[in-house]
> 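This is the structure I have questions about; it appears just below.
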Amino acid sequence: MKGARAAALAVVAGLLHTAAFAPTGAWWLQPIALALLFGLLETATPRAAARAGALFGFGWLASGLWWLHISMHQFGGIPWLLAALAVGLLATFLSSYYALALGLTARWVAPGRWRLLALVPAWLLAELARASWFSGFPWIASGYAHTVGPLAGWAPWVGVYGITALAALAATGLVLLKRRAIAWAAPALIVPLAGGLLGHDFTLSTGTLAVSLVQPSIPQDQKFDPARFATNLDTLAGLIDSARGQVVITPESVVPLPLAELDPATLERLSRPERPALLGSFLGNADDGFVNSVVALGGDYHYGKRHLLPFGEFIPPGFGWFVKAMNIPLDDQARGDHQRAWAVAGQRLRPLICYEDLFGEDIVQSAVGADAATVFVNVSNLAWFGTVMIQDQHLQFSQMRALEFQRPVVRSTNTGATAVVDHQGRVTARLPPLVRGTLEAEVEGRSGSTPYARWLAACGLWPLWGLALLALVGLKKAAP
């Protein structure tokens with residue numbers, strides 16, 4: 001297939017790829033979509049391979065990240081067309097990783113079956129680059145589609161990027177099966193599907209904890225409105241008052257100003273000596289920078305966000321004009337200074353603020369050792385982006401972290417995806433979107449480390465980089 005038909009198929013395959021992620025649960029669409037792309041690349045010229053990779057990536061990422069338009073247009077005041085253009089430019093930039101990796105592979109490895117196999121490490125390298133370079137933005141990386149299904153069994157062994165490579169291997173197997181190359185297709189399909197046969201129990205129970213997860217459901221355009229501040233605090237205080245758990249968790253920036261500026265009487269009003277609580281707010285000052293934080297009310301614990309969001313929390317060089325145009329409050333923040341867990345009620349709770357839970361390699365030190373966390377706590381404010389797709393996608397990332405480290409993840413959000421995920425990645429409780437309330441649930445803490453946590457803590461993602469590069473070299477030499 002060549003020309004316009006190949007280009008159209010690449011875009012359609014990218015759209016199909018997006019459909020594999022939450023909220024559909026259709027994990028099987030992911031290797032099928034990738035197989036459609038790989039089928040185009042088997043005999044393509046390097047230029048055609050790069051073009052197909054770019055178009056696939058654009059179809060996938062533009063359709064999977066369209067909700068960014070809401071923050072820019074509805075809340076940032078950027079005209080509709082310019083906001084759409086910005087999303088398209090981001091998708092184009094992120095797609096360049098796939099265009100480069102697949103185009104170079106087509107140049108390096110001759111057409112045929114060896115090239116199909118070489119596409120597996122090439123795809124992994126592209127995904128690792130997107131996750132790591134320029135601070136990383138691995139949203140809906142292909143492995144995240146597999147929080148359910150047979151490939152999920154690989155999570156505590158190889159993590160989301162190992163699953164990414166295995167899913168690409170399965171896609172290659174589907175192409176080979178269509179070519180009736182059974183001897184080649186069989187192992188390419190069997191190995192990924194064997195995840196369900198692997199051992200899965202690497203952690204032990206540390207007992208249960210009753211948690212109260214607060215969801216204030218305050219619209220984003222009212223959250224930072226000074227005229228509504230007192231009313232919003234009344235809402236928060238009422239939700240904390242009604243909580244019944246041993247620990248109360250509030251969302252990211254639920255108090256949307258530096259904590260030092262909060263009236264001490266108001267802070268005392270939110271505190272309950274008999275019920276510890278994590279309050280989302282900001283620490284710091286104008287000179288040293290403000291830190292997006294959670295603070296233990298009545299205690300001496302705080303945690304500051306360490307992996308900041310480009311444009312929303314730090315300004316990349318040369319983009320100050322764009323961030324200022326969006327009127328984002330506290331738009332250039334400082335980073336937190338530690339990763340310690342909060343010891344409370346017999347458990348150790350490790351906070352993760354918003355999209356920090358995309359970066360397992362950043363938080364893995366909290367999943368190994370004697371002081372490892374027993375529960376991960378994600379606090380987020382997704383009200384910037386609406387409710388369609390974004391909330392379910394983010395919840396799926398928490399499910400993957402739970403599978404990788406065999407730790408439960410509890411989530412408190414402003415407008416949705418407030419939920420409890422157990423250590424096997426199952427959502428056991430959840431509040432509907434845009435519902436004001438408190439999710440009362442029990443969570444079982446866990447201790448111990450998975451194989452993935454141990455090697456990731458020791459080496460980071462470098463083993464995957466190295467294996468992918470070695471595989472490409474070996475396949476190049478094996479190809480005729």
Side-chain angles (χ1 to χ4, degrees), residues 22 27 138 141 143-164 166-167 192 194-211 213 247 249 339-352 356-378 394-411 419-430 441-461 463-464:
W27 61 267
Y144 282 113
H146 298 282
T147 52
V148 293
L151 272 71
W154 284 99
W157 294 87
V158 298
V160 65
Y161 298 111
I163 292 176
T164 291
L166 290 165
L197 304 177
L198 298 173
H200 296 97
D201 295 324
F202 302 103
T203 59
L204 300 172
S205 175
T206 58
T208 60
L209 175 70
V211 293
L213 307 174
V247 177
I249 311 294
Q339 298 192 61
R340 295 188 303 274
W342 179 35
V344 61
Q347 302 289 340
R348 291 186 296 276
L349 276 57
R350 166 62 154 98
L352 303 168
E356 281 191 312
D357 66 348
L358 267 79
F359 301 93
E361 61 275 18
D362 286 358
I363 66 176
V364 64
Q365 297 299 336
S366 298
V368 296
D371 296 324
T374 58
V375 179
F376 285 122
V377 177
N378 182 268
H394 200 191
L395 179 56
Q396 191 168 43
F397 306 150
S398 294
Q399 291 177 271
M400 182 57 74
R401 295 292 87 81
L403 287 167
E404 289 173 339
F405 301 134
Q406 291 196 346
R407 293 291 192 281
V409 182
V410 298
R411 298 173 50 89
V420 174
V421 181
D422 72 9
H423 70 285
Q424 296 179 325
R426 299 173 299 197
V427 178
T428 59
R430 181 179 182 181
E442 279 202 350
V443 59
E444 181 186 59
R446 307 289 293 188
S447 65
S449 300
T450 63
Y452 175 64
R454 291 193 290 271
W455 69 253
L456 185 67
C459 305
L461 294 172
L464 294 177

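Residue numbers count from 1 along this sequence.
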> Would V410 and L213 count as a side chain to side chain contact (heavy atoms under 4.5 Å, CB included) if you check the C-alpha gap in whole Å, the side-chain angles of each, and the deciding distance to 0.1 Å?
CA-CA 8 Å; V410 298; L213 307 174; 4.1 Å; yes
> Rounded to the nearest 0.5 Å, how far apart are CZ of F397 and CZ of R411?
9.5 Å
> What distance separates W154 CH2 from L166 CG, expressed to the nearest 0.5 Å?
5.5 Å
> Considering only heavy atoms from C-beta outward, does the side chain of F376 approach that of D357 to under 4.5 Å?
no
> Is it the case that S205 and E444 place a side-chain donor and acceptor less than 3.5 Å from each other?
yes
> Could you walk me through whether D422 and T428 pass the side chain to side chain donor-acceptor pair (under 3.5 Å) test, one step at a time?
CA-CA 7 Å; D422 72 9; T428 59; 5.8 Å; no
> Check whether any side-chain N or O of Q396 sits under 3.5 Å from a backbone N or O of A22 as a donor-acceptor pair, and report yes or no.
yes
> With sequence neighbours excluded, tell me which residues meet ring pair (Phe, Tyr, Trp, His ring centres under 6.0 Å) with F359.
H307, Y355
> Roughly how far, to the nearest 0.5 Å, is CG of L358 from OG of S398?
8.5 Å
> Suppose we screen for ring pair (Phe, Tyr, Trp, His ring centres under 6.0 Å). Which residues come up paired with H394, at least two apart in sequence or across chains?
W139
> Measure the acute angle between the ring planes of F202 and W157, then classify it against the limits of 30° and 60° as parallel, tilted or perpendicular.
perpendicular
> Determine whether a donor-acceptor pair (N or O, by modelled atom type, separation under 3.5 Å) exists between the side chain of Y161 and the backbone of A141.
no
> Can you tell me how far the OG1 atom of T450 sits from the CG atom of D201, to the nearest 0.5 Å?
12.0 Å
> Which pair of heavy atoms, one from G445 and one from P408, lies closest together, and at what distance?
CA-CG, 4.3 Å
> So Q347 and T374, side chain to side chain donor-acceptor pair (under 3.5 Å) or not? Walk me through it.
CA-CA 6 Å; Q347 302 289 340; T374 58; 2.8 Å; yes
> Side chain to side chain contact (heavy atoms under 4.5 Å, CB included) between V211 and E442: does it pass, once the steps are laid out?
CA-CA 6 Å; V211 293; E442 279 202 350; over 6 Å; no
> Partners of E404 by side chain to side chain donor-acceptor pair (under 3.5 Å), sequence neighbours excluded?
R401
> Are the side chain of R454 and the backbone N or O of Y452 linked by a donor-acceptor pair below 3.5 Å?
no
> Show, in sequence, the C-alpha distance, side-chain angles and deciding distance for D371 and R340, and conclude whether the salt bridge (Lys or Arg N to Asp or Glu O under 4.0 Å) test is met.
CA-CA 8 Å; D371 296 324; R340 295 188 303 274; over 6 Å; no
> Output the distance between atom NE2 (H146) and atom CG (L403), rounded to the nearest 0.5 Å.
12.5 Å
> Might you work through the side chain to side chain contact (heavy atoms under 4.5 Å, CB included) test for V377 and L352, ending with a clear yes or no?
CA-CA 6 Å; V377 177; L352 303 168; over 6 Å; no
> Using modelled atom types only, decide if a donor and an acceptor are shared between the side chain of R446 and the backbone of T206 within a distance under 3.5 Å.
no
> Report the C-alpha separation of W342 and V375 in whole Å, then their side-chain angles, then the decisive distance to 0.1 Å, and conclude whether the side chain to side chain contact (heavy atoms under 4.5 Å, CB included) test is met.
CA-CA 10 Å; W342 179 35; V375 179; over 6 Å; no
> Please check: side-chain N/O of Q399 versus main-chain N/O of T147, any donor-acceptor pairing under 3.5 Å?
no
> Report the distance from atom CZ of R348 to atom CG of L209, rounding to the nearest 0.5 Å.
13.0 Å
> Out of the candidates L461, L464, V368, only one should pair with L456 under the side chain to side chain contact (heavy atoms under 4.5 Å, CB included) rule; please name it.
L461
> Between T203 and S449, is there a donor-acceptor pair closer than 3.5 Å when you use the side chain of the first and the backbone of the second?
no
